[in-house]
A.B. asks: 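So that we are looking at the same thing, I have put the structure below in structure tokens.
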Protein chains: 2
Amino acid sequence: MAKKNGEKYQAIIDAAVKVIASYGYHNAQVSKIAREAGVADGTIYLYFENKDDVLISLFKEKMGAFIKATRACLDQQFHAEEKLRGLIHMHLRQSSQDRNLAIVTQIELRQSNPAVREGINKVLKEYLDVIDEVIILGKEQKIFRHDVEQRIARKMIFGTLDEAVTSWIMNDRKYDLVSLVDPIHDLFLNGLKSV
Amino acid sequence: MAKKNGEKYQAIIDAAVKVIASYGYHNAQVSKIAREAGVADGTIYLYFENKDDVLISLFKEKMGAFIKATRACLDQQFHAEEKLRGLIHMHLRQSSQDRNLAIVTQIELRQSNPAVREGINKVLKEYLDVIDEVIILGKEQKIFRHDVEQRIARKMIFGTLDEAVTSWIMNDRKYDLVSLVDPIHDLFLNGLKSV
DNA sequence: TGTTTTCGAGTGAATGCTCATTCACTATCG
DNA sequence: CGATAGTGAATGAGCATTCACTCGAAAACA
């Protein structure tokens, strides 16, 4: 197994993103990915254990970078309210900016087999931790209500953002995703009820 | 193609739910479903066009019944606030009560191929309509803020409930899902912010 | 009523296709 | 000249779908 940083390693991962985004998960054969990466089928097995490993690695690489960037952004803010806005903004902007990646992680990879999904979930947990930290801080700063349940607030934030991106992709990205940042932020903070 | 109501038709659908829930989507072969239903492999093709058709039909049947029940429940309430609670309650209770079905619709069928997913999405649209109606009514009754965006509120409600059920299943249903109804309702209505 | 014929639901072994993976071979580099 | 990286045709496993056949029951007949 070759090292995780050769240029071919990256080329294969990027090819996988491109092929899966273009053809869909179920039509992303190893040979197609290999051709796109400009290597032979067998070469993929020099860099990855098997096809699953390609997919898991791709998710780890890309999502890992995104989580890191999000953390960096949140560190710029002090107030939980602003951090929450930063989180929403990062999430939606990321998806807008790399359409292929968004398609792959939001839609296509979710059709994968249990082994891959488990790998994905492990990485996602980290992201949920970031959300948790914002909520906890908000309570400490007395900006968020003390009686909102941690777990539930997390599910709302993640669930809403996830659904927003998925349905934006499903609707062929007809509108500007980032324009949803403030309305979502407002809804999270103030809820549906009129005063 | 036999009629959509023979006892075998139902038996096959129920067998599919059971097999998929037990073995997972990727290990739910036609022959396993046939055995569970007590029919021969070929018999399935007398009642369904192909395997995809079994899965789509299963989703239509089950989800259709659920939507109908939800509508009936909401009709009992007058105020949008109570209807919203009814919606949340129905959603979580349904998932609690039929664990196999919840696993199949929430987790397993999402791994299916594009044809099946399209069928599923069509049915889901109907459910989104139910959500929309509640939001619109809430605005009319001046119970919900006038400036919340329809689309976004819908995504929040659906996204949160969906995530709640999925993560409950993923965590082996360790807690009582229905106990989340009121906290979620409260969060939707009042948001995170402290007064 | 008894006998023959037709019908079609039901069967399940055989087919054929699609890939992931392997591995004997080649090219290149130090 | 090893050693290493890369190649891509061949392999074989998995599985949806087919179709020639079975069999019981209803229809036709006498």
Side-chain angles (χ1 to χ4, degrees), chain A residues 1-20 22-59 104 108-109 111-119, chain B residues 1-20 22-59 104 108-109 111-119:
Chain A
M1 178 86 35
K3 51 274 154 193
K4 295 269 177 201
N5 43 26
E7 61 168 314
K8 300 229 162 136
Y9 178 85
Q10 272 307 323
I12 292 166
I13 284 191
D14 291 339
V17 173
K18 200 163 169 187
V19 170
I20 296 174
S22 315
Y23 297 91
Y25 177 79
H26 294 280
N27 279 303
Q29 294 85 350
V30 170
S31 59
K32 222 178 257 173
I33 294 172
R35 200 177 325 131
E36 174 69 36
V39 301
D41 296 12
T43 304
I44 288 186
Y45 293 87
L46 295 175
Y47 290 86
F48 300 89
E49 265 178 60
N50 47 38
K51 189 183 180 184
D52 285 355
D53 188 32
V54 176
L55 305 178
I56 295 173
S57 301
L58 128 54
F59 195 85
V104 172
E108 301 298 339
L109 277 194
Q111 301 169 40
S112 58
N113 61 52
V116 176
R117 312 192 94 218
E118 192 178 343
Chain B
M1 178 82 40
K3 51 274 154 192
K4 296 269 178 204
N5 44 25
E7 61 169 316
K8 301 230 161 136
Y9 178 85
Q10 272 307 323
I12 291 167
I13 285 191
D14 291 339
V17 173
K18 201 162 168 187
V19 170
I20 296 173
S22 314
Y23 297 91
Y25 177 80
H26 293 279
N27 278 302
Q29 295 85 350
V30 170
S31 59
K32 223 177 256 173
I33 294 172
R35 201 178 324 132
E36 175 68 36
V39 301
D41 295 13
T43 304
I44 288 186
Y45 294 87
L46 295 175
Y47 289 87
F48 300 89
E49 266 179 58
N50 48 37
K51 189 183 179 182
D52 285 356
D53 188 31
V54 176
L55 305 179
I56 295 173
S57 302
L58 130 52
F59 195 85
V104 171
E108 301 298 339
L109 276 194
Q111 301 168 40
S112 57
N113 62 54
V116 176
R117 312 192 94 219
E118 192 178 344

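The chains referred to below are lettered A, B, ... by the order of the sequence lines, with proteins before strands, and numbering in each begins at 1.
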A.B. asks: Could you state the atom-to-atom distance from NZ of B/Lys8 to P of C/dG8 in whole Å?
C.D. replies: 17 Å
A.B. asks: Start with the C-alpha distance between B/Ile56 and B/Phe48, add both sets of side-chain angles, then the distance that settles side-chain contact (heavy atoms from CB on, under 4.5 Å), and finish with yes or no.
C.D. replies: CA-CA 10 Å; B/Ile56 295 173; B/Phe48 300 89; over 6 Å; no
A.B. asks: Out of C/dG10, C/dT11, D/dG6, which has the shortest distance to the side chain of B/Tyr47?
C.D. replies: C/dG10
A.B. asks: Can you tell me how far the CD atom of A/Glu118 sits from the CG atom of A/Asn113, to the nearest 0.5 Å?
C.D. replies: 10.5 Å
A.B. asks: Considering only D/dA16, C/dT11, C/dG10, which nucleotide approaches the side chain of B/Val39 most closely?
C.D. replies: C/dT11
A.B. asks: Counting C-beta onward and ignoring hydrogens, is there a side-chain heavy-atom pair between B/Tyr45 and B/Val30 closer than 4.5 Å?
C.D. replies: yes
A.B. asks: Nearest whole angstrom, please: distance from the P of C/dC17 to the CD of A/Gln29.
C.D. replies: 16 Å
A.B. asks: Mind calculating the distance between OH (A/Tyr25) and C1' (C/dA20) to the nearest angstrom?
C.D. replies: 11 Å
A.B. asks: Between B/Pro114 and A/Gln111, which heavy-atom pair has the shortest distance, and what is it?
C.D. replies: CD-OE1, 4.5 Å
A.B. asks: Could you tell me the separation between the OH atom of B/Tyr23 and the P atom of D/dC15, rounded to a whole number of Å?
C.D. replies: 13 Å
A.B. asks: Take nucleotides 21-30 of chain C nucleotide by nucleotide from the 5' end and write B, S or -, depending on whether a protein heavy atom sits under 4.0 Å from the base, only from the sugar-phosphate, or from neither.
C.D. replies: BB--------
A.B. asks: Please report the distance, rounded to the nearest Å, between CD in B/Glu7 and P in C/dA9.
C.D. replies: 15 Å
A.B. asks: Which nucleotide wins on minimum distance to the side chain of A/Leu46, given the candidates C/dG12, D/dG8, D/dG6?
C.D. replies: D/dG6
A.B. asks: Using whole Å, report how far NE2 of A/His26 lies from C1' of D/dC15.
C.D. replies: 15 Å
A.B. asks: Atom OG of B/Ser57 and atom OH of B/Tyr47: how far apart are they, to the nearest 0.5 Å?
C.D. replies: 13.5 Å
A.B. asks: Which nucleotide sits closest to the side chain of B/Thr43: D/dT7, C/dG10, D/dG6?
C.D. replies: C/dG10
A.B. asks: Given atom CZ of A/Phe48 and atom P of D/dG6, what is their separation to the nearest angstrom?
C.D. replies: 12 Å
A.B. asks: Report, one line per pair, each donor and acceptor closer than 3.5 Å where one atom sits in a side chain of residues 32-42 of chain A; sequence neighbours left out.
C.D. replies:
residue, atom, partner, partner atom, Å
A/Lys32, NZ, A/Asn27, O, 3.0
A/Lys32, NZ, A/Gln29, OE1, 3.4
A/Glu36, OE2, A/Lys18, NZ, 3.3

A.B. asks: Roughly how far, to the nearest 0.5 Å, is the CD atom of B/Glu49 from the CD1 atom of B/Ile44?
C.D. replies: 14.5 Å
A.B. asks: Rounded to whole angstrom units, what separation is found between the NZ atom of A/Lys32 and the P atom of C/dC19?
C.D. replies: 8 Å
